[in-house]
Engineer: 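Provided herewith is a single structure, encoded as structure tokens, for subsequent inquiry.
This one's a predicted model, so the numbers in the text were calculated from it and none came from an experiment. The chains referred to below are lettered A, B, ... by the order of the sequence lines, with proteins before strands, and numbering in each begins at 1.
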Number of protein chains: 2
Amino acid sequence: METRIDRIKKQLHAASYKLTPQREATVRILLDHEEDHLSAEDVYLLVKDIAPEIGLATVYRTLELLTELKIVDKINFGDGVSRYDLRQEGAAHFHHHLVCLECGAVDEIQEDLLEDVETVVEKRWNFQIKDHRLTFHGICWRCNDLGADKPEKDA
Amino acid sequence: METRIDRIKKQLHAASYKLTPQREATVRILLDHEEDHLSAEDVYLLVKDIAPEIGLATVYRTLELLTELKIVDKINFGDGVSRYDLRQEGAAHFHHHLVCLECGAVDEIQEDLLEDVETVVEKRWNFQIKDHRLTFHGICWRCNDLGADKPEKDA
DNA sequence: TTATTATTTAGAATCATTCTCAACTGGTAA
DNA sequence: TTACCAGTTGAGAATGATTCTAAATAATAA
């Protein structure tokens, strides 16, 4: 995991920012909670455990910075908060989400799946796609009672 | 256009709500601005022209009600406001959006395009899809300087 | 008519996010 | 070493969107 932080450090330096202790602590929390979809407040509370002096504004600033550098993506599931999600290293596009209307769980789909759709959109709508957001709302495998199974691990 | 309001009225009644003058005024504004993606504040300002006594809270409540009844969809493009978009009558799924990073324009795609992707997701992730949100971020035909043309009218 | 319920209004309250500004940091040049 | 400087931080104030509250009003039922 150390190398991952180092690479992020390089990305910051490349944009002439420093990896301050506060920023490092924030990134560590994000790495430790890659599965989750934390709000700024969530991150703040978790970071306080390893860096108690940190202020909420700094967390917001750091998350904004990381978003700018495309290290994290800011998402919104319709409750009043923004959530922050680490991008897969080297991923060209943002991954997709499955939001369960029953239990509220948010699962991720790392596969692109949209290549064909994007080709159509670029051609027919003359739109040069830079990124996308795709979220499905429905019932997850956990809440689906028809003897549903956990899906195979995501690629 | 009258019939459209009548049908909405029926939908409200079916859920035992009334189409009060304030609600009707709000719906009219939405119908008159189907192309746009108005925020609650936007709607409020427009509604005031035809129903000056209306309060902002009522507009919020009405939009919430319409969202609940799936007459409109609430969307969020990452600026701090929720926007409200009339659903096509009879549309099973919400339509997609193209957000231009250059000029901020938001265009709509009414075609589904996701049938195949949804089939895969339902099968592989064991997820029963009820609805979706798909937004592309990029450069629109207006800002695309490579002699780009307006795309043919959406189906 | 009277009782009951749904709806509205205005303004207060809430909550997430951003801003302000004084204090602090680490590095650099003298 | 010392003085400086740009970048960064923390605390709390400010902002802005949204929701809540309480009293008034309108619609409905008995």
Engineer: Using a 4.0 Å heavy-atom cut-off across all strands, classify B:Thr58 as base, sugar-phosphate, or nothing.
Structural biologist: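 Base contact.
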Engineer: Whole angstrom is fine here: how far is it from CD in A:Glu68 over to P in C:dT18?
Structural biologist: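 Result: 12 Å.
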Engineer: With the threshold set at 4.0 Å, does a side-chain nitrogen-carboxylate oxygen contact exist between B:Asp73 and B:Arg133?
Structural biologist: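 Judged by the 4.0 Å cut-off on N to carboxylate O distance, B:Asp73 and B:Arg133 do form a salt bridge.
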Engineer: Reckon A:Ser82 touches a base, only the sugar-phosphate, or nothing at all at heavy-atom distances under 4.0 Å?
Structural biologist: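 Here A:Ser82 touches the backbone only, sparing every base.
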Engineer: It should be established whether B:Gln22 places a side-chain nitrogen or oxygen under 4.0 Å from OP1 or OP2 of nucleotide D:dA26.
Structural biologist: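 B:Gln22 to D:dA26 OP1/OP2: no side-chain N or O under 4.0 Å.
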Engineer: D:dA27, OP1 or OP2 - any side-chain N/O from B:Thr20 closer than 4.0 Å?
Structural biologist: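 So the side-chain polar atoms of B:Thr20 never come under 4.0 Å of the phosphate oxygens OP1 or OP2 of D:dA27.
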Engineer: For DNA chain C, whose closest nucleotide is more 5', that of A:Ala57 or that of B:Pro21?
Structural biologist: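 Nearer the 5' end of the strand: B:Pro21.
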Engineer: For atom OH of B:Tyr17, is the number of surrounding heavy atoms from other residues, nucleotides or ligands below 6.0 Å larger than 12?
Structural biologist: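 Open.
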Engineer: Can you check the A:Tyr17 OH to D:dA6 P distance for me, whole Å?
Structural biologist: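 So the two atoms are 16 Å apart, to the nearest Å.
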Engineer: In whole Å, what is the span from the CG atom of B:Leu19 to the P atom of D:dT28?
Structural biologist: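 Between P of D:dT28 and CG of B:Leu19: 12 Å.
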Engineer: If the threshold is 4.0 Å, N to carboxylate O, is there a salt bridge linking A:Glu102 and A:Arg142?
Structural biologist: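 No, A:Glu102 and A:Arg142 are not salt-bridged.
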Engineer: Whole angstroms only, please: what is the CG-P distance between A:Leu56 and D:dG12?
Structural biologist: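 Distance check: A:Leu56 CG to D:dG12 P gives 12 Å.
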Engineer: Rounding to an integer number of Å, can you tell me how far B:Glu64 CD sits from C:dT7 C1'?
Structural biologist: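 Interatomic distance, CD of B:Glu64 to C1' of C:dT7: 14 Å.
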Engineer: To the nearest Å, how far apart are A:Lys18 NZ and C:dC24 C1'?
Structural biologist: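 Those two atoms, NZ and C1', are 11 Å apart.
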Engineer: Round to a whole Å and report the spacing from NZ of B:Lys9 to P of D:dA27.
Structural biologist: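 Nearest whole value for this atom pair: 12 Å.
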Engineer: Any side-chain N or O of B:Tyr60 under 4.0 Å from OP1/OP2 of D:dT19?
Structural biologist: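 Result: no.
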Engineer: Looking at the base of D:dG10, is there any donor atom on it, or on the side chain of A:Arg61, that sits under 3.5 Å from an acceptor on the other one?
Structural biologist: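 Result: at least one qualifying N/O pair found.
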Engineer: Answer with base, sugar-phosphate or nothing: what part of the nucleic acid does A:Glu53 contact at a heavy-atom distance below 4.0 Å?
Structural biologist: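 Sugar-phosphate contact only.
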Engineer: Could you pick out which residue, A:Tyr44 or B:Ala40, lies toward the 5' side of DNA chain D when each is mapped onto its nearest nucleotide?
Structural biologist: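 In this pair, the answer is A:Tyr44.
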Engineer: Between A:Thr119 and A:Asp116, is there a side-chain donor-acceptor contact under 3.5 Å, judged purely by atom types and distance?
Structural biologist: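 There is no such pair (donor and acceptor under 3.5 Å, judged by atom type) between the side chains of A:Asp116 and A:Thr119.
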Engineer: So for atom NZ, which belongs to B:Lys48, do other residues, nucleotides or ligands contribute more than 12 heavy atoms lying within a distance under 6.0 Å?
Structural biologist: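 Yes.
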Engineer: Could you check how far CZ of B:Phe77 sits from C1' of D:dA17, rounded to whole Å?
Structural biologist: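 These atoms are roughly 17 Å apart.
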